[in-house]
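Report on the following structure.
FYI, the numbering just counts along the sequence from 1. Predicted, not measured: the structure shown is a model, and the values here were computed from it.
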Amino acid sequence: MFKTKIKTIVLAASAIIMAIGLITFPEDAFEASIRGLNMWWEIVFPSLLPFFIISELLIGFGVVKFIGVILEPIMRPLFKVPGVGGFVLAMGMASGFPSGAKYTARMRQEKQLSRIEAERLVSFTNYSSPLFMFGAVSVGFFHNSSLGIMLALSHYLGNICVGLMMRFYGKDEEMLNSYHKKTLSIKTALQQMHRTRMNEKRPLGKLLGDAVLSSIHTLLMIGGFIILFSVINKLLFHMNITTFLAQGVIIVLHTLHFPEELSIAFISGLSEITLGSQMTSGIEQATLMQKAIVTSFILGFSGFSIQAQVASILAETDIRFSPFFFARIAHGFLAAAFTFILWKPIYEKIGLNGQPSNSNPVFMMNDNGIGIHLYEKMMDYGPLITIAFLTLYLFIGFKRNFVH
């Protein structure tokens with residue numbers, strides 16, 4: 001009872017402080033809100049929407065069930081999750097967060113995962129998208145395309161290690177189902193896919209419409225969180241709360257022989273990864289390796305903004321959030337450690353053709369690299385894609401609710 005009262009007081013005080021911040025710094029809050037909105041409708045919405053829609057169709061057509069049967073002999077021994085976890089893992093890597101949480105929650109709703117299996121799965125399928133790591137962070141912030149390889153390698157290796165660690169999670173709670181080693185069976189996989197498709201009673205038009213509505217509904221929620229945490233981060237900075245929290249980080253940075261100027265960027269990254277990564281890239285007192293290590297931690301931890309999005313998605317199921325949160329801490333440390341370990345053998349020797357780690361090579365913006373090309377196209381056409389699909393969302397919703 002005492003803990004619940006303390007929680008109520010803390011939440012109420014936090015809301016009051018944020019309200020005072022909005023009244024005191026209205027112009028800064030408005031600019032932060034616009035920044036979050038631009039990021040959502042230029043990058044997040046157009047990059048995630050196709051994955052969300054296609055995944056819904058793959059589930060409805062039974063393809064996910066097919067993949068689950070095929071990957072069962074691999075996913076079960078390695079991560080102690082069913083084969084459908086392979087689909088969630090692949091889609092999470094390709095589309096970025098919070099896709100892993102969305103697909104895990106959907107698999108749980110489909111009864112293809114137990115609660116413990118879902119908690120394991122969601123813990124290591126939370127990835128930053130390649131477009132964000134290569135396009136936004138490496139090219140947009142650091143102006144260095146080669147750094148994207150280092151960040152992605154550390155990010156993926158760290159999360160795989162989290163998955164291997166999480167296989168030991170929940171042994172006491174898990175029902176000991178008898179599992180026999182299965183061999184790859186294409187015939188069984190095809191039968192399962194056909195059975196799933198036949199059980200899907202919705203016609204193709206209804207299935208496609210539901211996929212669009214569900215995907216856009218999730219992305220609207222994600223957009224709200226991005227804008228909210230962009231404003232919160234700005235207010236915390238202007239109210240000197242970020243500076244106060246950074247004092248504790250400075251002690252740790254001094255121990256690691258990192259410049260204390262990284263402290264503000266680190267604290268900002270704990271709240272919102274885009275701003276944290278951008279601020280880290282601009283710290284001139286730090287070497288490129290030091291900035292890469294801090295950025296790797298920020299990407300692995302994912303920021304409270306992403307974690308709030310995941311918590312909102314998981315709230316629709318019985319999947320608990322705490323395993324995901326502790327996995328993010330572990331992912332942050334592991335990704336940072338991999339960046340430190342692999343820096344000399346990977347980045348210095350083959351990443352930059354022998355350039356020293358304390359240099360900041362500039363990647364020319366007129367280069368024909370895939371990362372830059374895709375990122376620039378997304379910035380140019382992302383808003384148009386967002387507006388088009390929001391219009392489609394309104395049209396489908398109006399037709400279903402008001403046209404009989």
Side-chain angles (χ1 to χ4, degrees), residues 78-79 89-90 92-94 96-97 100 120-139 141-142 144-169 249 252-253 255-259 262 265-266 269-270 273-274 276-281 283 286-303 306-307 323-361 371:
L78 280 178
F79 304 111
L89 180 64
M93 282 185 173
F97 32 60
R120 286 178 187 150
L121 183 60
V122 75
S123 297
F124 71 96
T125 54
N126 186 80
Y127 289 91
S128 180
S129 70
L131 176 64
F132 180 74
M133 285 189 287
F134 284 92
V137 178
S138 301
V139 175
F141 300 155
F142 284 90
N144 180 356
S145 62
S146 299
L147 184 63
I149 301 174
M150 189 73 253
L151 293 176
L153 184 62
S154 301
H155 191 72
Y156 292 145
L157 286 175
N159 225 8
I160 293 299
C161 288
V162 170
L164 295 174
M165 292 165 51
M166 289 300 293
R167 74 187 304 274
F168 302 104
Y169 164 76
V249 178
V252 179
L253 292 176
T255 304
L256 299 173
H257 303 290
F258 279 36
L262 286 168
F266 180 80
L270 294 184
I273 62 171
T274 306
S277 301
Q278 186 178 34
M279 292 178 66
T280 301
S281 68
I283 304 298
T287 66
L288 184 59
M289 183 183 73
Q290 291 171 338
K291 290 188 281 189
I293 291 173
V294 172
T295 303
S296 289
F297 183 93
I298 290 172
L299 293 174
F301 184 73
S302 302
I306 301 296
Q307 294 181 22
F324 174 84
F325 176 73
F326 289 112
R328 298 281 58 77
I329 298 175
H331 187 197
F333 281 110
L334 286 168
F338 275 118
T339 302
F340 175 76
I341 294 170
L342 300 176
W343 187 263
K344 287 186 177 180
I346 300 296
Y347 186 79
E348 289 190 356
K349 290 188 177 180
I350 65 175
L352 285 176
N353 298 321
Q355 293 192 34
S357 63
N358 61 352
S359 67
N360 260 331

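Separation of the Y127 and F97 ring centroids does not fall under the 6.0 Å cut-off.
Rounding to the nearest 0.5 Å places NZ of K344 at 7.5 Å from CE of M289. Here the CZ-CG distance, from R328 to N126, works out to 4.5 Å after rounding to the nearest 0.5 Å. Distance check: H155 NE2 to I160 CD1 gives 10.5 Å after rounding to the nearest 0.5 Å. Expressed to the nearest 0.5 Å, how far CG of L153 lies from CZ of F338 amounts to 8.5 Å. Between atom CZ of residue F134 and atom CD1 of residue I149 there is a gap of 5.5 Å, rounded to the nearest 0.5 Å. Here the CZ atom belonging to F301 is positioned 11.5 Å from the CD1 atom belonging to I273, to the nearest 0.5 angstrom.
Within the 4.5 Å cutoff, no side-chain heavy atoms of R167 are placed close to those of L78. Inter-residue side-chain proximity for L253 and F266 is flagged as unmet; no heavy-atom pair is nearer than 4.5 Å. Contact check for L288 versus W343: side-chain heavy atoms found under the 4.5 Å cut-off. Contact check for L151 versus Y347: no side-chain heavy atoms found under the 4.5 Å cut-off.
For OH of Y156, the number of neighbouring non-hydrogen atoms (other residues, nucleotides, ligands) closer than 6.0 Å is greater than 12.
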Passes side chain to side chain contact (heavy atoms under 4.5 Å, CB included), V139 versus F142? Steps please.
CA-CA 6 Å; V139 175; F142 284 90; over 6 Å; no
Would F258 and V252 satisfy side chain to side chain contact (heavy atoms under 4.5 Å, CB included), going step by step from the backbone distance to the final call?
CA-CA 9 Å; F258 279 36; V252 179; over 6 Å; no
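Listed here is the closest heavy atom pair of S138 and L147: OG-C, 3.7 Å. The minimum heavy-atom distance linking G158 with H331 is given by the pair C-CD2, 3.6 Å. Residues L334 and C161 come closest through the heavy atom pair CD1-CB, 3.9 Å. Taking each heavy atom of I298 and A265 in turn, the nearest pair found is CD1-O, 4.0 Å. Heavy atoms only, all atoms of each residue included: L299 and S128 are closest at CD2-OG, 4.1 Å. Taking all atoms of both residues into account, the shortest heavy-atom contact from A327 to V162 is CB-CG1, 3.8 Å.
Every residue two or more places apart in sequence or in another chain that forms a side chain to side chain donor-acceptor pair (under 3.5 Å) with T274 is listed here: E272. Partners of T339 by side chain to side chain donor-acceptor pair (under 3.5 Å), not counting sequence neighbours, listed by chain and number: S154, S296.
Proximity of a side-chain donor or acceptor of R120 to a complementary backbone N or O of F79 within less than 3.5 Å is not detected. For the pair Q307 (side chain) and F324 (backbone), a donor-acceptor distance under 3.5 Å is absent.
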